[in-house]
Structure formats: structure tokens, C-alpha cells
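Here's the structure we're looking at; comments come further down.
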Amino acid sequence: MTEHVGTTAGTTAETAAASDHGLGPLQRAYLVGDQDGLELRGPARYYLACELPVSAVDSLQQRLDRLVREAPILRTRVGADLTRTPVAGDPVVPVTVLDATEAAFDTVDGGVRDEFRSDTLEFDAWPQLRVTVVRSDRRARIHLVYALWLMDAASLARFLRALAGDTDGEPAAPVPAPPTGRRRERDERYWRKVAPTLPETVEAPLRPDWRHAGRAVTHRMLHLDRPTAEAVTRQAKEHGLTVPMVLLTVYGALLGAVGGGRPHTVTLVRSQQDPDAGDGQLGNHGTPLPVAVPAAEGRDFVSLAREVQGRVLEQSLHSSLSGPEIARLADPAGDRRRLLYPFAFTATELDTPREAELGLLRDWDTLHLRVPQVLLDHQVGVDRDGTIRLGFDWRTDAFDEGFLDDFVEQYARAVDRLAAEGADWTDPALTQAPAPPAAEPARPAQHRGATLQQRVLETVDRMPEAPAVRDGDGVLTYAELADAAAEVARRLTTAGATVGDHVAIHLPRGRGQVVAILGALLAGCVYIPLDWSLPPGRLDRITRQARLRFAVTADEGSVADGWQQRGVRTIAVPTAAATAAPTAAPAAPGERRLPDRGAPDVAYVIFTSGSTGEPKGVVIRHHAVLNTVDAVNDLIKLGPSDSVLSVSSIGFDLSVYDIFGPLLVGAAVVMLPEDTARTPSAWTRTVTEHAVTVWNSAPALAALLAEEGGALPSIRSYLLSGDWIPLNLPAGLERLSAGAEVISLGGATEGSIWSIHHRIAPADRTGRSIPYGKPLAGQDILVLDARRGVCQDWHIGEIHIAGDGVADGYLNDPQRTAEAFVDDPRHGWIYRTGDRGRRGPDGVVEFLGRADTQVKVNGYRVELGEIEAQLNAMDHVGRSAACVPQDGGGVLAYVTLAADAPADWRERSIAALRDQLPSYMVPFALVDLDEIPLTANGKVDHRRLRTAAPPPGAPAAAAAPLDRGPHTQEVAACWTELLGRPPGTEGFFESGGSSLDAIRLLSMLRGRFGYDIAFGRFLADPTVTGLARLCRTGHGSSSEAVWSFTPRPVARPRGRVIVFPPVGGGVACYAGLVRSLPGDLDVHLLGFDRPFDAAAAPTLAAAAELCLRHLEARIDDPGVPCVLVGWSFGGALAVEAARASSFPVSRVVVLDTPVSAAARHCADSDGAMVSAFVEDIRRAGGVVASERDVDTDPALHRRFEVYRQNMLLLRDWQPGRVPAPLVQFRAGERPAEPDPQAWREWAPTVRTVALTGGHFDVFEPENVRRVQDEIEGGWQ
Amino acid sequence: MAVNEPNVISTIIGQLAGQGYGIGPEEYEADLVGAGVNSVNLVRLLSVLEEQFDVEFAVAELFREPVTVARLAAEINAQINAQINAQINAQIDSQVDAQRAVGR
């Protein structure tokens, strides 16, 4: 893109005005969609092959000339800055004719096809149309490829007919008149109202890197034969529907089902050209409009299609605004690089009979449609021959493999159902896809015992002297455990507990908990484990709900008193067991048995957060929990030599496995002390001390363990559950414990701890998320739609748990039990998890988050509604909304206050919450708002909530006056020139700039000042300060220390150039060099925006390694040979990177880089460093700043910190041998490395090339040419 | 703004005729989509009617039920009547206010 923009204000403004007029909304979308940095960017191209009569070939050029003469669009050139200029003179689009023998025809033809389907049109070249004909004696085929902004479907049809000699002579219809101001005003009013209510795009199975999917597209075409098309057309008419709207409804409803039955929005490309008004002017007159597709669930096809049709008509009536403008109304602060509605729909009319008369026969199978910023493009072509063509073109690499093939099949079946004889379009059942064949039934579990306590006693009998519990006090053997538990049971029965009574276990962590739980069970009671730190208010509520009469608790005055005040009798654990091992002789096995008092079916009740403000007690039977514990023990082959660390509080059901998993098989449970239970260093110590083999926790705790580092070789299994597993966590755990297996477990307390498992494989780490997996033995995981039918593969539904693990329900709460548990005739007693998921064709279930407001905080299950209910109950609170910000930190709550709220409302509220809620549920901050923003359907609008008020600690950026730095001034000058007024703090688009203006602005900055700024990066912060920053760094803002920038994507690079930053961390100095490199080299510029965390890169070698790691995540063809380049400090980085690189390095090019220790020496004092820095940025980047500016300007200061860090890294660098040939450029005057031989020590071959000028003249044009030659030499 | 029903109907029929659809009085109750009017022409028709009568259709609502010439006419008339009533009420209000002012 070397296009220069007018250099005076007058001409630029004029060009802008002239060029905007006449580019339609779709044309603009296509052109803008090819800009760097946009998601799913790429050219908009159409390729078609078509048979035509041999006799027509000779006059083709003449006919095409005439078309070019008559159609201004075909003579238009669009520059890199999107200015439109007519091509001067009598331009010719050449028709290439390739003559082939009959035998060679297909080969030649295929060659043209392949060439045309690859990228052959330069963005700003003319013509954007290529025509080649392959001809033999008997047949001829014309191949066309063109930029889509040239022609829409109707134009293409006219173009083809004209080429075939159809001289119908119909006058060209006028281009639709631009909308009147009044119409536009009205449409704006309409969209302002409608746009914010548009639902989001459908959640499809997209690959994790879909936003940057390659350009490959897959094309499928369904052809509805005449009987089918006629049946659909007839019924459509009867119900007052048009055929395209019927098919849009099929498309929308099917996509909706994929997304779990939610309403969603698709992009309708509406043609402005009237197909009935004869042939119009060639061009692309389309307008993209968002269309909301309502939820299909439970509705019949006619009512759904009527609603869709009504919306399309209504929106078409307001189409003077198009997609991007509407998106801006919907979310003024939205990220403009983001795709909003990438599922597209177009309806066109075809007239193949007329084309056939002219000898034209399109090849529908090889056509190739590429549209930027679209994931799936669906076209409905209603043909005058009575058939219907349904085209599907999708970004191949964006979707899970197989998904869209399935989708097209399902679409075809849906159309067949509509066309079937006697199909009743008003029958809701018609919109239901038939249920897929039932999944394999749950694997039957082997029941190996009736109750937990019986199974533990079996272990006791088998191995009485084996260690059962380990903690800081030593070992408790199975015999000792059983004796102590029997004592607890005796005390309970003495106190009056009878079979089936509820017994609270409220003890600090340690062996006492295990003894108490087993004791309660031996007494024939149901145990209710409670976290030691639960606040009194919550204990009160649990006491009431569970009708508690007994608690095994610590013999501490205040706690025991509290229970007694609740009317609960307290029982202490025998001190001998609670402290050290008893000295008494062990009892004979027979004595340990209590008289069999029988046992209830229920084993325990665990309380979880409830959305209405009351905790819910989940009732779990023995056989249910035994099923899970046995299944997981089998899964990890837990045996007597294992030790399981009990990390979780007993208030959570992971503790049930921690205790009974080992006790069922003769392994040991390792208990942590209460005071260090949340201390990672204590975990590491305990794991080592007790040779723990199994770790079981929420991912967040395991991540803390991984961060703690070190080696924990004894651990062989990590069980992770309760929350999303970060993709990099498994690798982190394997670093701790080589060879350990990492297993993801999932489910709910209501499904007896876990119901689903997945052994994490290396391949999972690059997927969308860690798969949820497959059911555990004896259980089943069902993905069901709203009518509890089993969802098709890929379709999102709600995850239900079925089988042996399902809880009885919630204790003393039939209403909430009925809401969450169902006795379904098909699936039995099932639990609705409220989790969304989908099942793939391999039977593996994927977890997709919550269907409600339940969230996880560090793995703890939290109903936001419970927090809100507590807040709402306070006198001074009107409404409230709680959320969990993505950056962690826990719960944040927003409230509206009553008029008479006390000044210390915040303190009061928090204190009250602390009394009622576990600590992880207490908000870390309360923010007061005038009102809680709501969505159109009355729910809390979390998107607006996030922007409503800044959370405390993140004060809104004060409107700072513009800094007057050089970049700001340059940007402001161009900005003013384009928009006619100087910029303030507002965004470019708010100031009235269009995306075309934006591209023009970047083009000006590139042309005048050499700043190469990607469009997408600009959109991230389209303000004058944002742009100035981009100019300063050549890069957008980022929180990463290391960033990289790829100036141009290259499909199949010949080689790769990796450029490392000089000591200042920025890359502006390389702009000229990068521009001079040929287009088939893949260039990656690395930069540093801020200093590294001290621990991350203590040495220059470590910094180089960070750079490599950053690139490895971004480069998917690592086999391409690389040349590593760097100026000054960057050269040292390049050398270190070459030593550690996993990419093949064919050459290292260092530009005036010091290597001897003397040359790398620098003054360590801040003062000297600052003045050196000021000098450096002046000479390297032309930025004039004073030493004081470095202190006061945050951006400059950060850059200085990078500079200082890099100077010190360079000073302390210990060079090693480079495994690749090295080219050393030396400045002619005062080179950075005075010793010309110094580099010889470090590389197998060193070539030295001299540059003219000094260290800061390295990038003078004549020097750049030399450097460029040496870089290119890297592949010869 | 003197609009009566036949005037509205004849405008609708005239527009449709211009698009090549001949609709006779016996078809005033017939569904326009069923009669073959495609969506482009429907949009154009509605757009012209909005401009001409200075009304605004809630199209999505309108199309929940079959759209006929008679329904379109009724909808336009209802909107016009509502506008007229609003104007009359405003006039009455201002007169009442004026009288009150005089009364004081």
C-alpha cells in the first residue's frame, strides 16, 4: 500500500467528500473488512465458472469492453485509503482465452479455477475483475473472479447475460436515490430504540482461534427440486409468507437450536435493487441489516416465520442505516473490531432458464464465495425454473470439524419436513427436530455395600493397624479411628440421638472431623458438615432448616454456647482422638461394633448457596455417594498405599471424597490444620511430609499450589472440579509432579459430588476449554432442551444429571426440590444443574457456563441472588445487583439507596452480610447507583452495570487535557484536516468520522510520518491520545510486557523475520526496514511496553525466552526458517533467542550491537540513566522530552523503566555461543562495539558489514538497503 | 388533512397497480403476500404510504396477522384519526386554559 494521500487540506477533504458518495453500505463493509487487525478480515471475492457457447468466445472482449464503458463501477479504482477514482482513458479488462484440446480441457480448466480461487487481486489495483475462458473445439468455460463490491447477484446475472450476447436493451434503472434527511432521522430514532434490544449472535461451536481463522472457505449447495420447492412455495403463500422468509426462518430457528433455544441475531443482506424493475445499473447495492430471530421453542412454524417476516419488513423499512451504524447505536462504546452478527443470510432471484437459452450454465459446485467478517453465509436463490438453490459458505477453520456438515444436513431435513405431504405448518411439533437416537444407557454401577460406615468398618477389620488419618499430630490407625468414632456414637446415643437424626459436625479441621463424621454415622444419624468459620447468622438458619438437635463440636465455650442457645445439644469428640493417638491397647475387632441400630438411607446433608437467600440442604443417600466414591476410586485406582490431602472445607462435598475415598480402600486421609488450611506453603509442606499421592480441589487452589512451585513428586493424581480449569493449569501441575495424571471432574452437590470426568490430555490444552467429559459409572449426563428432549449433537442444552448419584432433593423444602428435580418418564429422577452444555458426536460433553446467576468464586458455588436477597432485606437498600468481575477479586455488589440511608450504610451493610454469609460471598465492595440498569426484559443488565460506575479502586480517568507531545500534534493535524475541527478527548467516531475517514487518517499518518498503524489497533482506542500512543510505540495498548506486531499476514511465507526491540522497547525505528522487505516474508516485530516482572526475566536470556514464548503462541507454522534481527540491545536479544529458539534459525543479523563487557557497561545512577534515555529517544525516535517530562509523563516514565531494565539486562548479559551464522553490522563512526573481532568468539561464522554514519544512523535509507540484502540472504 | 377511507384505499391500490399487481375490491380482504407481492414491493408500498399519510407502521406487529388492503387502510385511518383527535384535544385544552385565564 504505497498510495499517497493528498497533502493539502483542501484536496483531501474534497476527495473524501467525493469518494464517500456512491459507496453503498455493503461495498463499504466489504472494503473495510479487508483492513488489517479486524476479526475475520479478508477480501470479499466471488469466483464462478460458467459454460458458454463456443461461438460466443470471439466476441467476448468486445462485449466486455462495452460493459466497462457503460458501467462506471467497472472503471472505478479504490485506493488503499478507500478513495474512489475513475480510471482514466479507455481502460480495458482483458479477456484471456486459453485454447485446449479436448483431452487437456479439464486440466487447463482446473488450473484456472485454482488460480482464481486463490488470492489474485491486489487490494488497490485495477481491475478488480479477471476473466479467463478455456476453449476447446466443442466447449468453452468462462471463469470470473471479482471483488464483491463490484457486483451483487442481480448485477452478476446481467453481466453474464451481456457477455453471452443478450442485448435486451432494457434501460438501466436509476441507482436508488439516497434517503431523505427526514427518513434518516426517523430511521435513526427507530434503531436507537431497537438496536439495544437485539440479542447476541448465536453461540456456535467455534474453535478457540476462530477470530483469526484462515481464509479457507467451504462451499456446500443444496438444490431443492421442483416438487419440494413447489410444496414449500404453495404452503408459504397459503400462510402469507414469502419463500425467502420461510427459509430465513428455517436457518434462524436451526441456528437458534444450536445456541440453546435463545433468541439471536443474524445479518440479513438486503438488496436495494428491485429485481422486478428490470436490470439496474451494475454495482453492489446491498445493505447489511441485523435481524433478531426469536426463540423457537414451543412455537409453530407459521407464527415464528410471520414474526421473522414482520421484523425483516419493518427493518427494511428503516434501512437508510446499515449494520455498522446500527451496531454503534446498540453499543456506542463497543469494540469495532469485533464481529457482531457473523451469520449472514441473502436472498436472490435466479433465472437459469433465460441463461440456458443463451447457452450459459453456471457451475454451482465450484463457485467460491469469500466474505470478510462473516462466519457462515447462507444464500437462498429462488430460480425461475421452479427450483431453489441453497448455498452455504463458511470459514473452514473457524468451526469445529463436522459441525456445519451436520448443520446443512439438519437444514435439509427441516426443509423436507416442511415440504412433506400433509405437513401442518401450524403444528408446533413440526419445528422440533426428531430426537437423536438415545445415548448409551448409564453404565450400571456395582454396589459394594449398603452404607459408608459399613464399608469403613470392613476396612477396619481388614487392616486395623494401617494409618487412616494423618495430621500434624501424627497418625491415627483404622482401629484407633473406629474406637474414637464408636465413642462419639455412644455419646450421641446417650444424649438421645436416634436413628435418622441430623447431627451437625462443626469442628476445626483435623482428625476430629473424621472421627465425628464416622461417629455420627455409626450412631445411625445423618451428618451435616459445617465449615468452622460459618457466621452465627448462617448457623441459625441452617439449624432451623435442618431442625438440628445435635452438634458434634469443639469443647470451646463460645461455640458450644452458641449451639446451646440454638437449642442444640453439643457432643465433644474424645480428646485422646482429637489430639494424640490413644495409648490404651487396641480393642479387639468385635468390641468395636456397636449394637446395630440400623441406618437411614440418607448419609449426609450439605448446605449450598440458595438464590432466594436461604441456603439449601442437599440430601444424599448412602448408595448415591458410594456410587460416586467407588467410581472415582476405580478411575484413579486408589489403593492402600495412597494418601489423599483434604484441602477443601468439610462444608463442601469434595471433603466427602477426601475422607471416604481413602477410608473405603485402606488409604489415608491427610488433614490440614485450620490455621494454615489456605496457605499454599503449608500445602506443599504437608504433601511432602505425608507423601500425599492425590490432590483434590477446585482449580483455583490447584493454581495456587502450582504457583507455589517446587517439586511434589509424590502426587500422582490431581482431581480438579468446581470451576473452569485454566488451559495452562494441567501443564503447571505436571511441572510440579512429573507424570501425574490430571483429571477434570464435574457435577453438582445434588449429583453426589461428581457425575462426569475427563482425563486431561495434552491436546485439550489447545482446545476451546477442557472438555467436561463423559459420565462416571452408574450416572448419566443428559443435555436436554427446554422440553427435556435430548439435544442433537452440537446443540446447546441444559445439563441434567441422571442415575444413581442424584440427591433426594432439598431438606424440608419441597418447593425448591420441585424446581430443580424432575421425575421424568424417559430419564427417571433427574437433577437440573442449571449448567449449559453441548455434546459432541464423540459423546464428550462440553461445559458452557451457567444458565442462571450462579457463579463460582474460587470454586465455591455462589448464588448471586442470595447476596442480593440479603442486601434487599436491609432497610436502607432499594435494589441491588451482585456480580463477579472477570478480573477476579470476588463479589462486587451495586445498590440503590433509600433516601434516609445512614452515612455509614456501607459499613453497616458489610457487617450485616458478614453475619449471614460465608466470607467468600461477602462483597469486596459496595457501589451505590441511582438506578440498577435493566435489560429490555427486566433483568439486570450486567453489560451496562459494568460501565455504570467504576468499581472502587479504579477511578474513572479524569478528563485530562491533551498532552502536547509531538505525536499528539501530528495526529491532531491530520485529524483536523479530515474532520474539519481539532480533536478533544472524544473518540474519532463520536466526532463524526466514518470508518472510511479512519482508514484515510491512518493512510495520512503512514504517508506523511511513516507510522504504520493497523486499522484494528486504532479501533481499540480511537482517540487522539490513543492514536498518538500507537504512533509512539507503533503498537496498541497492552498489558503484556511483550507484544508483537505482524505488519502484514502472509499465507505461505518463504521465510520469517523476527525483529527484536532496541533498548527503548519500541519498534518505530524499524518501520523503513520492514516496509522494504519483500511481501512473501512473514515479519514479526517484538516490543516491550512495560518492564518485566522481576521474576519473569531476571536475565537477558530469560527476556529472549519470553519473546519466544510469546511468538510460539502466535505462530502456527513454526517450521518456516527464520532470520532474527535486532538493533543494539535487540541484537543481543536476537542472539539469545537464536540459542533457545524452537524455530529453525538460518541467520542472526545484529545491527551495531555491543558484545564485549566493556562495550556493554553503563552508568547505574538514575540521573545518568535518565539523561541517556532522553538522548536516546531524541536520536532514535525524534521525540523531544526533558528529563523532568520523564518523571511527570506516565507513558514516558514507563518507557524509561523499560529502557533502564534493558540497559541493565544488557550490562549483565553473559553471552553464549550462537548456533547460527551471524551477520554483524557495524556503525562506521563510533560503533557500539569497538572491537571488530569481539563477535567472532560467539558464532560459527561471523560476517561483518560496515554501515555509514553512527549508531543512530543505522536506519538511513542506504543502510537499510544493505540490511535488507543481508536479511534476504538468510534463505539463499 | 382531509382523508377518508376510499382515498386511502385508492392510494394503496394505485401503488400496487404501479408495481404490477391488480387488486380488485373483492380482494381487499386477501393476504397481499399470498397474492404474490414480494417483500421488496411490500417495503416500497409501506414506505410510500408512510410518506404520503405521515404515519408510521409498527410493521412487525402488523405482519403477525395476514396483511390485506383493508387492514392497511384501517391502520392508516386509525393513526390519522388519533392524530386528529390529539389535535382537537390540544385545541380544547388550550381553549379551556384560555377561559380559565380569563376567568381569573
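Letters A, B, ... mirror the listed sequences (proteins, then strands); counts begin at 1.
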Check your understanding: Which of the residues R311(A), E307(A), R186(A) is involved in the greatest number of heavy-atom pairs with chain B at under 4.5 angstrom?
Key -> R186(A)
Check your understanding: Which class fits the ring pair Y190(A) and H318(A): parallel under 30°, tilted 30 to 60°, perpendicular over 60°?
Key -> parallel
Point to revise | Ring geometry between H239(A) and W425(A) (parallel below 30°, tilted from 30 to 60°, perpendicular above 60°) | key: parallel
Exercise for review: Please list, chain by chain and in numerical order, all residues satisfying salt bridge (Lys or Arg N to Asp or Glu O under 4.0 Å) with E238(A), sequence neighbours excluded.
Suggested key: none
Exercise for review: Under 4.5 Å heavy-atom distance to chain A, tell me which part of L46(B) shows up: side chain, backbone, both or neither.
Suggested key: both
Practice item. Check whether E50(B) gets within reach of chain A through its side chain, its backbone, both or neither, counting any heavy atom under 4.5 Å. Key: both
**Study point:** Per-residue contact mode, R234(A) against chain B (heavy atom under 4.5 angstrom)
**Key:** neither
**Study point:** Polar side-chain atom of E355(A) near backbone of A157(A) as donor-acceptor pair, under 3.5 Å
**Key:** no
Review point. What residue, out of V67(B), V43(B), D31(B), has the most heavy-atom pairs lying under 4.5 Å from chain A?
Key: V43(B)
Point to revise | Donor + acceptor pair across side chains of Q79(B), E75(B) (<3.5 Å) | key: yes
